[in-house]
Amino acid sequence: MRLSAVPAALLAGLVGTAQADHASDLKSISLRTHSIQQPYLDSDMSSRWFDFGGDTIIRTDSYIRLTSDLPSQSGWLFSRVPLTATNWEVEVEFKISGKHQLYGDGFAMWITKQRGQRGQVFGSTDRFEGLGIFFDTYKNNRPGVVFPYVMAMHGDGQKSYNKNDDGKDGELAGCSARGIRHASVPTKMRLTYIQDKQLKLDLQYREEGEWQSCFEVNSPPQIPNIAYLGFSAETGELSDNHDIISVSTKNLYNSPVTSSNNRAGASKGRNVKSNAVKEGGTWAMFFAKIFLFIIVLGGGYVGYTAYRAKSKSHRF
């Protein structure tokens, strides 16, 4: 698969419908350029917005399998264009499974300058620049920590991931996620990034529709402006299937006109109501005048008729 970025088609991929986001007053727009669902491939058996390589295989009706349950495999899936949104949310459905009682090594989600480079960190390159979220299923040396373990690491291009201590020295935040492998419900992660304010990871693996907070970091390190969304996985002597089922990415933004629109709407509502009251009063007055006029006219006619009848009786 070629690693060149797709040019002008980027604008065509920024398809989205504004909708209320789950977080406070944020709005969201879906980013087609960084989302992928079945059947994953276009008619020419390639993906318009993603490249893949290594041992990755795609089954169009089921999954993108980064590694199969075989030893010494590594595979990757990366967006062709960078994720340039300032604030964003990525929701991923994935699956970790295998037939062995001992298993490893895990998979990673990336928001990095590097893309499509095989390496020793869950199948991708070390000394990366950006953010890595690691789903580590094999414990090397982290006493007191329950595995599988989910961990975030911010890379500056110089810092190395240390496999010997499962990345402890470079950990930004993390949580244990026992039961995420072979879960009885669809397993999902939802990563939310608000520049300079929040980096938050939620997981679904215990109950469908029930999200568990893994970590939340206030004032997180800044992610490079030009960074690609990607996934990779690795097996060693121990192995597992590491599958990506779907990816949904959204650009998050505040709507500054919301409050002014609300005020304008309320003012407009009051004006409409006031006008309606005035208009209603005008029509009521009009009909009252017509009614009075009819009464006066009727009274005059009755009086005139009585007068004529009286006059005739006097002449006789």
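One is the number of the first residue; the rest follow in order along the sequence.
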Next item on the list: Please answer: with hydrophobic residues joined when any side-chain heavy atoms are less than 4.5 Å apart, are Tyr138 and Ile180 in the same cluster?
Entry: no
Next item on the list: Going by the ring-ring contact (aromatic ring centres under 6.0 Å, His included) test, name the single residue among Phe107, Trp76, Phe134, Trp110 that passes it with Phe122.
Entry: Phe134
Item checked: Salt-bridge criterion met for Lys159 and Glu129 (N-O under 4.0 Å) -> no
Check: Which is it for Met189 and Val90 under the side-chain contact (heavy atoms from CB on, under 4.5 Å) test, yes or no, and what are the steps along the way?
Finding: CA-CA 8 Å; Met189 62 171 156; Val90 183; over 6 Å; no
Margin query: Between Glu210 and Gln204, does the side chain to side chain donor-acceptor pair (under 3.5 Å) criterion hold? Intermediate values first, please.
Written below: CA-CA 6 Å; Glu210 178 183 315; Gln204 174 189 285; over 6 Å; no
Check: Mind checking whether Ser46 and Arg48 have side chains closer than 4.5 Å, heavy atoms only?
Finding: no
Item checked: Set of residues satisfying ring pair (Phe, Tyr, Trp, His ring centres under 6.0 Å) with respect to Tyr193, sequence neighbours excluded -> Trp88
Check: Cluster question for you: counting only ILVMFWY and a side-chain heavy-atom cut-off of under 4.5 Å, with indirect links fine, are Leu172 and Leu191 together?
Finding: yes
Notebook entry, point to check: Are the side chain of Asp202 and the backbone of Trp211 linked by a donor-acceptor contact shorter than 3.5 Å?
Noted result: no
Margin query: Quick one: does any side-chain atom of Glu91 pair with a main-chain N or O of Thr249 as donor and acceptor, under 3.5 Å?
Written below: no
Next item on the list: Any chance you could measure Ser47, atom OG, to Leu41, atom CG, to the nearest 0.5 Å?
Entry: 7.0 Å
Margin query: Evaluate Asn241 against Ser68 for side chain to side chain donor-acceptor pair (under 3.5 Å), listing each step before the verdict.
Written below: CA-CA 4 Å; Asn241 298 311; Ser68 301; 4.8 Å; no
Next item on the list: Would you check if there is a donor-acceptor pair between the side chains of Gln73 and Glu234 at a distance under 3.5 Å?
Entry: no
Check: How about Asp44: does its CG atom have over 12 heavy atoms from other parts shown lying under 6.0 Å from it?
Finding: yes
Check: Say you draw a straight line from CD of Gln198 to CG of Leu252; how long is it, rounded to the nearest 0.5 Å?
Finding: 9.5 Å
Margin query: Can you tell whether the side chains of Asp165 and Lys139 come within less than 4.0 Å, N to carboxylate O?
Written below: no
Next item on the list: Check Gly130 against Pro224 and note the closest heavy-atom contact, atom names and distance.
Entry: CA-CD, 3.7 Å
Checklist line | Euclidean distance, Ile244 CD1 relative to Phe231 CZ, rounded to 0.5 Å | finding: 5.0 Å
Note to self: Taking atom NZ as the centre, does Lys163 end up with more than 12 heavy-atom neighbours from other residues, nucleotides or ligands that are less than 6.0 angstrom away?
What the structure shows: yes
Side-chain polar contacts of residues 141-151 - donor-acceptor pairs under 3.5 angstrom, sequence neighbours left out - could you list them?
| unit_1 | atom_1 | unit_2 | atom_2 | d |
| --- | --- | --- | --- | --- |
| Arg142 | NH1 | Glu171 | OE1 | 2.9 |
| Arg142 | NH2 | Glu171 | OE1 | 2.9 |
| Tyr149 | OH | Glu171 | OE2 | 2.7 |

Margin query: Whether the side chain of His242 engages the backbone of Gly75 through a donor-acceptor N/O pair (distance < 3.5 Å, no angle test) should be reported.
Written below: no
Check: Of all heavy-atom pairs between Ile133 and Phe215, which one has the smallest distance, and what is that distance?
Finding: CD1-CZ, 4.1 Å
Notebook entry, point to check: Do Asn140 and Asn164 have side chains that get closer than 4.5 Å, going by heavy atoms?
Noted result: no
Next item on the list: Please answer whether the main-chain N or O of Gly98 pairs with a side-chain N or O of His182 as donor and acceptor at a distance below 3.5 Å.
Entry: yes
Note to self: Can you list everything that forms a side-chain hydrogen bond (donor to acceptor under 3.5 Å, both in side chains) with Arg206? Sequence neighbours excluded, please.
What the structure shows: Gln212
Next item on the list: Look at the side-chain heavy atoms of Ile, Leu, Val, Met, Phe, Trp and Tyr, link any pair under 4.5 Å apart, and say whether Ile64 and Met45 land in one connected group.
Entry: yes
Notebook entry, point to check: Can you tell me how far OG of Ser219 sits from CD1 of Ile194, rounded to the nearest 0.5 angstrom?
Noted result: 12.5 Å
Note to self: In the structure I gave you, are the side-chain heavy atoms of Met153 and Tyr161 within less than 4.5 Å of one another anywhere?
What the structure shows: yes
Check: Is there a side-chain contact between Asp51 and Phe78, using heavy atoms and a 4.5 Å cut-off?
Finding: no
Checklist line | Contacts of type side-chain hydrogen bond (donor to acceptor under 3.5 Å, both in side chains), residue Tyr63, not counting sequence neighbours | finding: Arg65
Note to self: For a quick test of reading the model, state the closest non-hydrogen atom pair linking Gly236 to Asp105 and the distance between them.
What the structure shows: N-OD2, 3.7 Å
Next item on the list: Measure the CG-CG distance between Leu238 and Leu102 for me, rounded to the nearest 0.5 Å.
Entry: 5.5 Å
Checklist line | Where Ser74 and Gly123 come nearest, the two heavy atoms and their spacing | finding: CB-CA, 3.9 Å
Checklist line | Residues in side-chain hydrogen bond (donor to acceptor under 3.5 Å, both in side chains) contact with Lys188, at least two apart in sequence or another chain | finding: none
Check: Would you find more than 12 non-hydrogen atoms of other residues, nucleotides or ligands less than 6.0 Å from Glu216 atom CD?
Finding: yes
Note to self: Checking the side chain of Thr112 only, and the main-chain atoms of Gln114 only, is there a donor and an acceptor separated by less than 3.5 Å?
What the structure shows: yes
Next item on the list: Determine yes or no for a side-chain-to-main-chain donor-acceptor pair under 3.5 angstrom, with Asp243 supplying the side chain and Ile245 the backbone.
Entry: no
Item checked: CA sep, side-chain torsions, deciding dist, call: Leu203, Arg190, side-chain contact (heavy atoms from CB on, under 4.5 Å) -> CA-CA 6 Å; Leu203 302 173; Arg190 184 173 64 206; over 6 Å; no
Checklist line | Heavy-atom side-chain contact between Thr67 and Asp55 under 4.5 Å | finding: no
Margin query: Looking at Gly53, is its backbone amide N or carbonyl O close enough to the side chain of Thr56 to form a donor-acceptor pair, meaning the two atoms are under 3.5 Å apart?
Written below: yes
Margin query: Taking the side chain as everything from C-beta on, heavy atoms only, tell me whether Trp49 gets closer than 4.5 Å to Arg80.
Written below: no
Note to self: With a 3.5 Å distance limit and no angle check, can you tell me whether Ser79 reaches the backbone of Phe50 through a side-chain donor-acceptor pair?
What the structure shows: no
Margin query: Going by the rule side chain to side chain contact (heavy atoms under 4.5 Å, CB included), which residues pair with Ser239 if we only count those two or more places apart in sequence or in a different chain?
Written below: Asp69, His100, Thr235
Checklist line | Side chain to side chain, Thr84 and Asn225, heavy atoms closer than 4.5 Å | finding: no
Note to self: Counting C-beta onward and ignoring hydrogens, is there a side-chain heavy-atom pair between Tyr103 and Arg181 closer than 4.5 Å?
What the structure shows: yes
Item checked: Point-to-point distance, once rounded to the nearest 0.5 Å, from CG of Leu131 to CG of Leu199 -> 5.5 Å
Notebook entry, point to check: Between Thr187 and Phe94, is there a donor-acceptor pair closer than 3.5 Å when you use the side chain of the first and the backbone of the second?
Noted result: yes
